[in-house]
Amino acid sequence: MSIKMKFSFFLTIIVLFFFIVQHMISEFGVARSIHEESKQKMEVLSQHLADGVFDYEHRKEGDTKGKEGMTPRPEVIFNIAKHMNQNLRELTIFDRTNKQIIYGSYTYPDEESSAVIEAAGAGNSPAFIVRTLNIEGNSYFRSYYTADVDERYVISLVHDWNRKSERIAAMRNDTLIYTGVSMVIMLIISYWMIGALIRPLKDILWKVNEVSSVRFQKPIQIKRKDEFGLLALKINAMSQNLSIYMNKLRRAFEENRRMKEHLESFINHTSDAIYLFDLEGRLIQVNRAFNLLFGYEEEEAIGLINPTLPESHKEEQRKIMKQLQAGKVLQAFETMRVNKAGDLIPVSETLSIIRDSEGTIRAFASIARDMRSRNKMEELLRRSEKLTTVGQLAAGVAHEIRNPLTTLRGFLQLQKETNRMSISHVHLMLSELDRINLIVGEFLILAKPQAVRFMVKDARSVLQDVIALMNSEALLHNIEFTITVTEEECLVSCEENQLKQVFINLLKNAIEAMHGGGIIHLHIANLRDQVVITITDEGEGIPEEMIPKIGDPFFTGKETGTGLGIMVSQRIINSHKGTLEIKSKVGVGTTVKVLLPALKEGQREGILNI
């Protein structure tokens with residue numbers, strides 16, 4: 001059923017309800033009016049009858065001759081009253097004293113007539129009492145009237161109420177017919193009016209259907225300025241805005257689709273293994289490089305929990321995941337992973353967090369790069385660097401030894417020709433031999449393989465031992481050590497003798513740089529992740545252009561130096577995963593800073609192994 005028909009029926013039902021209520025009120029009023037009218041007529045008729053009977057009885061007792069025709073007999077009066085009032089069924093005149101019928105008939109009995117007759121004559125003024133009778137299923141009104149002209153008579157009238165009920169029923173039928181016709185007319189008129197009223201809704205409904213079908217081109221033709229016109233105007237504006245947003249969404253969708261295809265192409269064609277896993281380590285998605293690197297097919301890998309994680313690295317992975325969840329950004333780190341065949345593969349892995357729109361961690365993304373080829377290249381590069389270093393060392397040693405050898409050969413040749421030995425020449429030759437011995441000794445220290453065993457040591461105690469060893473030499477040069485040591489433990493993983501060798505080399509350089517004596521400042525601190533040892537002298541300083549060359553073989557600023565001490569120290573610090581920094585200013589002094597990885601108390605995992 002259409003909305004127009006629903007509205008029409010709804011309005012018709014409302015109007016019908018009001019018609020019914022109005023009819024019920026009207027019928028009640030009509031019935032009440034007829035009842036009152038009947039009572040008034042019965043009372044007036046009773047008065048007239050009482051006057052007629054009183055005149056008749058008065059003339060009958062006083063002078064009956066010649067005047068009898070002026071007042072009709074009661075029977076005649078009764079017939080006239082019945083003829084004039086079709087609803088009148090019976091007239092009865094009672095004698096109030098003995099309750100006997102004087103005139104008329106009594107065919108419609110009233111069981112309480114004696115009491116009512118007595119009550120009708122009990123007052124001083126005229127009394128009129130009406131009672132309802134129900135005889136053989138028919139309703140009647142019986143009235144009792146006592147006039148003040150003569151209280152001996154009680155006049156009773158019987159009216160037929162069925163005739164009045166028929167009249168009311170006829171009025172009701174007429175009203176129902178009128179109501180039915182009115183309802184039909186009302187239905188037709190309301191249907192037409194509602195149709196005219198909601199006609200713009202058809203256009204609005206059409207436009208809504210167009211919008212739902214993603215067709216925004218044709219707007220609604222607005223012909224009215226009422227609420228429907230305003231609604232049509234707003235729908236046109238909404239359609240236009242939706243059209244603009246849909247175009248933007250289409251462009252965004254196409255852009256996202258192209259970006260998705262680009263990213264999928266990039267992910268699937270990159271040589272790095274990319275895989276996603278949830279908080280439990282269950283694989284969610286992998287790319288083709290993952291299949292090639294670890295040997296798992298995509299369908300086989302999805303759903304597995306940490307299939308590439310070796311047992312030996314689970315604790316390491318747990319710590320890394322804990323750091324990621326705490327919000328720490330991790331750089332790429334080298335680790336080991338296992339493939340389907342059980343072979344360990346060195347990889348460089350980068351882990352990142354995947355969050356949802358509410359910021360909750362939902363998964364992790366891992367990019368694993370196969371390091372086997374790079375490790376081979378680095379090994380070849382290290383070998384090449386070693387060969388280059390050996391060549392540099394060989395050239396340096398040859399150059400450094402050739403000079404004193406040339407001197408020795410010259411003196412020996414001179415002595416041969418002169419056949420005579422000079423003591424001064426012997427001293428010079430011994431000096432040159434000592435110089436050759438020094439060069440060869442330091443070169444052997446650099447080249448000799450040594451067994452290295454790393455242990456956890458407190459850098460403070462190592463430095464204190466070196467200071468105690470070097471203190472006597474410092475006093476000979478009028479030099480004093482001042483040391484500032486933190487109260488926190490400075491645990492490092494180190495080979496103690498090698499670390500002492502570094503400190504000895506640095507302190508010897510500082511002592512040799514301070515010809516006039518002075519103070520060497522030493523400071524050691526624990527910066528949570530690093531232990532920092534700082535040595536500052538008050539010597540001549542190093543020119544800025546020479547600092548980058550420090551550590552090269554046989555490069556030195558000292559007259560008797562070889563340049564191998566700093567080279568050896570740098571090599572030792574690098575083997576300890578640390579760094580050595582040198583800063584200097586001419587005329588002020590030099591600061592050497594040694595940075596070593598710090599260990600926590602009781603930590604054993606960080607001990608280096610070579």
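Arg250 and Asn247 share a side-chain donor-acceptor pair at under 3.5 Å.
Not one N or O on the side chain of Asn526 forms a donor-acceptor pair closer than 3.5 Å with the backbone of Glu488. A donor-acceptor contact shorter than 3.5 Å links the side chain of Glu495 to the backbone of Asn497. In terms of modelled atom types and a separation under 3.5 Å, the side chain of Asn287 and the main chain of Asp272 share a donor-acceptor contact. The main-chain N or O of Glu540 is never found under 3.5 Å from a side-chain atom of His515 such that the two would form a donor-acceptor pair. In this structure a side-chain-to-backbone donor-acceptor pair under 3.5 Å is missing from Ser348 to Met371. Using modelled atom types, one side-chain atom of Arg460 and one backbone atom of Thr486 make a donor-acceptor pair closer than 3.5 Å. Here the side chain of Asn256 pairs a donor or acceptor atom with the backbone of Ala252 at under 3.5 angstrom.
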Asp465 vs Lys500, test: salt bridge (charged side-chain N to carboxylate O under 4.0 Å, His left out). Steps then yes/no.
CA-CA 8 Å; Asp465 292 344; Lys500 286 182 178 180; 3.7 Å; yes

Checking Ser569 against Asn505 for the side-chain hydrogen bond (donor to acceptor under 3.5 Å, both in side chains) test, could you report, in this order, the C-alpha distance in whole Å, the side-chain angles of both residues, the deciding distance, and whether it holds?
CA-CA 7 Å; Ser569 298; Asn505 289 342; 3.2 Å; yes

Worked check of side-chain contact (heavy atoms from CB on, under 4.5 Å) between Phe503 and Leu463:
CA-CA 7 Å; Phe503 294 153; Leu463 185 60; 4.0 Å; yes

If you apply the rule salt bridge (charged side-chain N to carboxylate O under 4.0 Å, His left out), what do you find for Lys314 with Glu311, and how did you get there?
CA-CA 6 Å; Lys314 285 189 175 181; Glu311 288 290 334; 2.9 Å; yes

Apply salt bridge (charged side-chain N to carboxylate O under 4.0 Å, His left out) to the pair Arg251 and Glu255, showing each step before the final yes or no.
CA-CA 6 Å; Arg251 290 194 295 270; Glu255 184 177 354; over 6 Å; no

Under the salt bridge (charged side-chain N to carboxylate O under 4.0 Å, His left out) rule, what do Glu300 and Lys340 come out as? Steps first, then yes or no, please.
CA-CA 11 Å; Glu300 181 184 7; Lys340 185 179 179 181; 2.8 Å; yes

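Using cut-offs of 30° and 60° for the angle between ring planes, the Tyr275 and Phe294 rings count as perpendicular.
Around atom CZ of Phe253, no more than 12 heavy atoms belonging to other residues, nucleotides or ligands sit under 6.0 Å away.
Val462 has its side chain within reach of Glu496: a pair of non-hydrogen atoms, C-beta onward, lies under 4.5 Å apart. Considering only heavy atoms from C-beta on, Ser584 stays 4.5 Å or farther from Thr591 through its side chain. Counting heavy atoms from C-beta on, the side chains of Phe277 and Ser366 come closer than 4.5 Å. No side-chain heavy atom of Ile572 sits under 4.5 Å from any side-chain heavy atom of Leu499. No side-chain heavy atom of Phe481 sits under 4.5 Å from any side-chain heavy atom of His521. With a 4.5 Å cut-off on side-chain heavy atoms, Tyr296 and Leu304 count as touching. Glu480 is not listed as a side-chain neighbour of Leu475, based on a closest heavy-atom distance of 4.5 Å or more. The shortest distance between side-chain heavy atoms of Ile483 and His523 does not fall below 4.5 Å.
Taking OG1 from Thr335 and CD1 from Ile320, the interatomic distance works out to 6.5 Å, rounded to the nearest 0.5 Å. Taken from CG in Asn375 to CD in Glu334, the straight-line distance is 6.0 Å, to the nearest 0.5 Å. Atom CD of Glu489 and atom CG of Leu491 lie 4.5 Å apart (nearest 0.5 Å). Here the CG atom belonging to Leu596 is positioned 5.0 Å from the CD1 atom belonging to Ile573, to the nearest 0.5 angstrom.
In summary, of the residues considered (Leu580, Ile533, Ile582, Val532), a side chain to side chain contact (heavy atoms under 4.5 Å, CB included) with Lys593 occurs for Val532 alone.
Salt bridge present: Arg337 and Glu349 bring a charged side-chain N and a carboxylate O closer than 4.0 Å.
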